[in-house]
Amino acid sequence: MLSHRAIDDTTRFLKSNQLALIGAVLVLGWVIVTVAAPVLAPYDPLEQNIVDRLQSPNASYLFGTDQLGRDVLSRVIFGGRLSLPAALLVVVIALGLGTVIGAVAGYWGGAWEEVLMRVTDVFIAFPTIILAMAVAAALGPNLSNAIVAMVVVWWPKYSRIVRGLVLSVRENEYVEASRAVGATEGHLLWRVVLPNCIAPALVMATLDFGNAILVFAGLSFLGLGPEPSTPEWGRMVSDGIQYFDQWWISAFPGLAIFTLVMAFNFVGDGLRDALDPRLRQQI
Amino acid sequence: MQRFLVRRIILLIPLLIGVSLVAFVISHAVPSDPMNAALGPKAVSDPEIVATYRAKWGLDEPLYVQYLTYVGNLLQGDLGRSIINRRPVADELGRFLPATMELATAAIILTVLIGMPLGVISAVRRNTWVDRVSRVISLIGVSVPVFWFALLGLFVFYARLGWLPGPGRLGIGVEPPDRVTGFYTVDALLMGDFQLFRDSLGHLVLPAIVLAGYSTGLITRVTRSAMLEVLGQDYVRTARSKGLREYRVMLRHALPNALIPTVTVLGLSYGSLLAGTVLTEIIFSWPGIGQYAYRSSTALDFPAIMGVTMLIALIFILVNLVVDAMYVFLDPRLR
């Protein structure tokens, strides 16, 4: 639900922050390309045309063709259909999981908090790509396992953030007021405290979106993502390694990852500035 | 200060136990069977070979016994042997770690040299074109996929322009220097062999730049916002109103305070650089622990996976500890 105020706020934010505006336009562009991929792509992304293999960019193949004669442009256009939903899924599941764990730890405190936060610490102690790589390899290389592996490394930061938010929100007077009129503890946590933590947590998740796309592409590049023939950007870059002189095989899918991630980071950077009250003060 | 550090070190124990448990669970409680990778499909179909193999490597014991055995060996510095090449994992890690550390250290030096000045200038000249350019640079740094950046760099500077050497730590047929530190550049200098030094430095440049991209972007923005915050403080205004020169206000009054958050992020970046070398090392054929981690993961060589994840997690944790100690050192209020 978008209220008028939300729309006004968004417009003002984008007007005052050109980078964020450019980012938002780029993100929107990629979303449109991804949704309209079957209409926009000149060829079937899976269709092999051996006669036309390894062609450099030309009029009929704007981005050239790969080692199996597939149209690189069409594959790049279809690539967003994996990366965007995968990143969204990772962030949403991890946020859900992290929220539950962080909320329980922050609200109930005591032994619960101690145990849950120590577990969180353990998972944070592992560097992202190493843990994701080990989990994905152990489960077996495919798309859903790559997502599972990313969720395993992604939830702890959210549980830390949400715990911190819950700790501060539960001190508010309206929580005390609800308790006074007889709300149960469960009601207080899920209906009173958490809804007030969701907005900042969502912002954090948005800031993280570009990163999720990067890590997903990285796993896929390592061969730990979707199947080899799938039009996925990271995978396409790695296909191009053996065809070093045919630069276009790797260059275009890499450029796709780069522009999409950068677009998200432009928006995120603007958001962070707008929301950080310390930076608002005039110097 | 001492009590703080002692407390932190004591807290490491449950953390390390947790880390070893997670690493153990990942490498054991998984659908993929490492035996397929180690023995090949033909041998796996023979129950006798499988039974012998399981007994030999202790795979027929219950999981908790396997874990306790592992931890027992771990405490004696024994990380087990690789299932694939039978070499002791600890020796392998010792062999591969210096290459990674040399690369990560070079990258962190670049990060400090580029990111911090860029962040400071950006804050001082806030909302000018200098600031905008530096923000775009830092955002590009955190957005570029490292594997693609690496390929691009190799294509342009090695294949096309020929300015920099190709993958690897040294040119083909070049003998590595005698091992003192394991850093080829440093060891070559220690031997007084400048030819070798130039060769190893040349090979280090491109992977270090590629690896430094993300952390440079991060440090630039952290330095910028830390500086902006400090510049709004009363003591900076006081320093200015005393009539101090601007560079003195910046260097003596603002920068030391802005360094506190920057150093924290820098430390964390060094930890992630050590781990983030996986993709860079694969593309540059850099024989470090990132490449080792990748090879053992895909081969499901679980003693190796456990060893390398534990080592990297340990480094990560220790770096954090050092960062916390630095924090106390940099901020006298915490002493």
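Residue numbers begin at 1 in each chain, while the letters A, B, ... track the order of the sequences. As a basis for the values below, the full set of heavy atoms in this structure was taken, side chains included, without hydrogen atoms, waters or symmetry mates.
- Contact annotation for B:Ile282: only side-chain heavy atoms (C-beta onward) come within less than 4.5 Å of a heavy atom of chain A.
- At a 4.5 Å heavy-atom cutoff, A:Phe264 makes no contact with chain B through either its backbone or its side chain.
- Ranked by heavy-atom pairs shorter than 4.5 Å toward chain B, the options A:Gly240, A:Ala263, A:Gly218 are led by A:Gly218.
- Between chain A and the residues B:Leu16, B:Ile305, B:Val236, B:Val278, the most heavy-atom pairs under 4.5 angstrom are made by B:Val278.
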**Asked** What do the steps show when you test A:Leu131 against B:Ile26 for side-chain contact (heavy atoms from CB on, under 4.5 Å), and what is the final call?
**Response** CA-CA 9 Å; A:Leu131 186 60; B:Ile26 291 169; 3.2 Å; yes
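- Atoms CG and CZ, from A:Leu19 and B:Arg135 in turn, are 6.5 Å apart once rounded to the nearest 0.5 Å.
- Counting heavy atoms of neighbouring residues, nucleotides and ligands inside a 6.0 Å radius, atom CD of A:Glu227 does not exceed 12 of them.
- Proximity of a side-chain donor or acceptor of B:Trp148 to a complementary backbone N or O of A:Val237 within less than 3.5 Å is not detected.
- Heavy-atom contacts from other residues, nucleotides or ligands closer than 6.0 Å to CZ of B:Phe155 number more than 12.
- With values rounded to the nearest 0.5 angstrom, A:Met262 atom CE is found 5.5 Å from B:Ile140 atom CD1.
- For the set B:Ser296, B:Pro145, B:Gly18, B:Ala293, the entry with the most heavy-atom pairs within less than 4.5 Å of chain A is B:Pro145.
- Heavy-atom distances place both the backbone and the side chain of B:Tyr294 under 4.5 Å from chain A.
- The candidate from B:Val19, B:Val142, B:Leu154 with the greatest count of non-hydrogen atom pairs under 4.5 Å with chain A is B:Val19.
- By the 6.0 Å contact criterion, OH on A:Tyr243 is enclosed, its count of non-hydrogen atoms from other residues, nucleotides or ligands being greater than 12.
- One finds the CD1 atom of B:Ile317 at 11.5 Å from the CD1 atom of A:Ile124 (value rounded to the nearest 0.5 Å).
- By number of non-hydrogen pairs under 4.5 angstrom with chain B, the leading residue of A:Trp247, A:Phe266, A:Phe244 is A:Phe244.
- For the atom pair CE of A:Met133 and OG1 of B:Thr298, the computed distance is 8.0 Å after rounding to the nearest 0.5 Å.
- No other option in A:Ser238, A:Ala217, A:Ala136 has as many heavy-atom pairs under 4.5 Å with chain B as A:Ala217.
- By the 30° and 60° cut-offs, the orientation of the rings of B:Phe147 relative to A:Phe221 is parallel.
- Interatomic distance, CG of A:Leu222 versus OG of B:Ser297, reported as 9.0 Å (0.5 Å rounding).
- Note that the CD1 atom of A:Ile241 and the CG atom of B:Leu151 stand 5.0 Å from one another [nearest 0.5 Å].
- Residues B:Ser143 and A:Asn265 come closest through the heavy atom pair OG-ND2, 2.9 Å.
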